[in-house]
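Residue numbers run from 1 in the order of the sequence given. All of these numbers come straight from a predicted model, not from anything done at the bench.
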Amino acid sequence: MNRDKVKSLKERYPAGTRIMLDYMEDIQAVPAGTKGTVDHVDDMGTIHMKWDNGSGLGICPDTDRFHVVGKEGK
C-alpha cells in the first residue's frame with residue numbers, strides 16, 4: 001500500500017472510531033456484524049481494532065468490508 005493511501009486511512013479512521021464489520025477474509029475472522037473501536041492504523045495500512053467480542057484481529061481495508069458507526073462514547 002502506498003504512503004498516500006496509508007495517510008488517508010490514518011486520517012479517515014483515527015483512534016476511537018467505531019466500526020461494524022460486514023465481511024472479513026480470514027480463517028479466524030471476526031463475525032459479521034461485530035462492532036469495535038479503532039486502536040490505530042499502522043504504516044502498512046492495517047486498521048488495528050479492539051473488537052467488542054475481545055478479539056484484536058486487524059482489518060485489511062483492501063479485502064475486508066466494514067463501515068463506520070460513530071466515535072467512541074457517542
**Q** To the nearest 0.5 Å, what is the distance between CG on Leu9 and CG on Asp4?
**A**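 Output value for this atom pair is 11.0 Å.
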**Q** Report the distance from atom CD1 of Ile19 to atom CG of Asp52, rounding to the nearest 0.5 Å.
**A**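 Answer rounded to 0.5 Å: 11.5 Å.
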**Q** Between Asp62 and Lys5, does any NZ, NE, NH1 or NH2 come within less than 4.0 Å of an OD or OE carboxylate oxygen?
**A**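 Yes, this pair counts.
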**Q** As an exercise, state the distance from CG of Asp22 to CZ of Arg65, rounded to the nearest 0.5 Å.
**A**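 With rounding to 0.5 Å, CG (Asp22) is 7.0 Å from CZ (Arg65).
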**Q** Which pairs count as ring pair (Phe, Tyr, Trp, His ring centres under 6.0 Å) when at least one residue sits in residues 5-35, sequence neighbours excluded?
**A**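 Only Tyr13-Phe66 qualify under ring pair (Phe, Tyr, Trp, His ring centres under 6.0 Å).
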**Q** With a cut-off of 6.0 Å (strictly less than), are more than 12 heavy atoms of other residues, nucleotides or ligands near NZ of Lys35?
**A**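 No, not enclosed.
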**Q** Could you walk me through whether Thr37 and Met49 pass side-chain contact (heavy atoms from CB on, under 4.5 Å), step by step?
**A** CA-CA 6 Å; Thr37 304; Met49 298 295 299; 5.6 Å; no
**Q** Assess whether a salt bridge exists between Asp42 and Lys10, defined as any Lys/Arg side-chain N lying under 4.0 Å from an Asp/Glu carboxylate O.
**A**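 Between Lys10 and Asp42 there is no salt bridge, as every charged N stays at least 4.0 Å from the carboxylate O atoms.
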**Q** Any side-chain heavy atom of Glu25 within less than 4.5 Å of one from Asp64?
**A**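 Yes; the side chains approach each other to less than 4.5 Å.
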**Q** Which heavy-atom pair separates Gln28 from Asp26 by the least distance, and what is that distance?
**A**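 Minimum heavy-atom contact is N-OD1, 2.7 Å.
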**Q** Atom SG of Cys60 and atom CE of Met1: how far apart are they, to the nearest 0.5 Å?
**A**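 Going from SG on Cys60 over to CE on Met1, the span is 8.0 Å.
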**Q** Do Val68 and Leu57 sit in one hydrophobic cluster, given that two such residues count as connected whenever their side-chain heavy atoms are within less than 4.5 Å of each other, even indirectly?
**A**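 Same hydrophobic cluster.
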**Q** Under the side chain to side chain contact (heavy atoms under 4.5 Å, CB included) rule, collect the residues that match up with Thr34, sequence neighbours excluded.
**A**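 Once residues adjacent in sequence are excluded, the partners of Thr34 under the side chain to side chain contact (heavy atoms under 4.5 Å, CB included) criterion are Val30, Pro31, Trp51, Asn53.
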**Q** Taking all non-hydrogen atoms of both residues into account, name the closest pair between Pro14 and Lys71 and its distance.
**A**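 Pro14 and Lys71 have their closest heavy atoms at CG-NZ, 3.8 Å.
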**Q** Can you tell me how far NE2 of His40 sits from OG1 of Thr17, rounded to the nearest 0.5 angstrom?
**A**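 Here the rounded value is 13.5 Å.
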**Q** Apply the hydrophobic cluster definition, ILVMFWY joined by side-chain contacts under 4.5 Å directly or through others, and give me every member besides Met44.
**A**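 Taking Ile, Leu, Val, Met, Phe, Trp and Tyr as members, Met44 stands alone, with no cluster partners.
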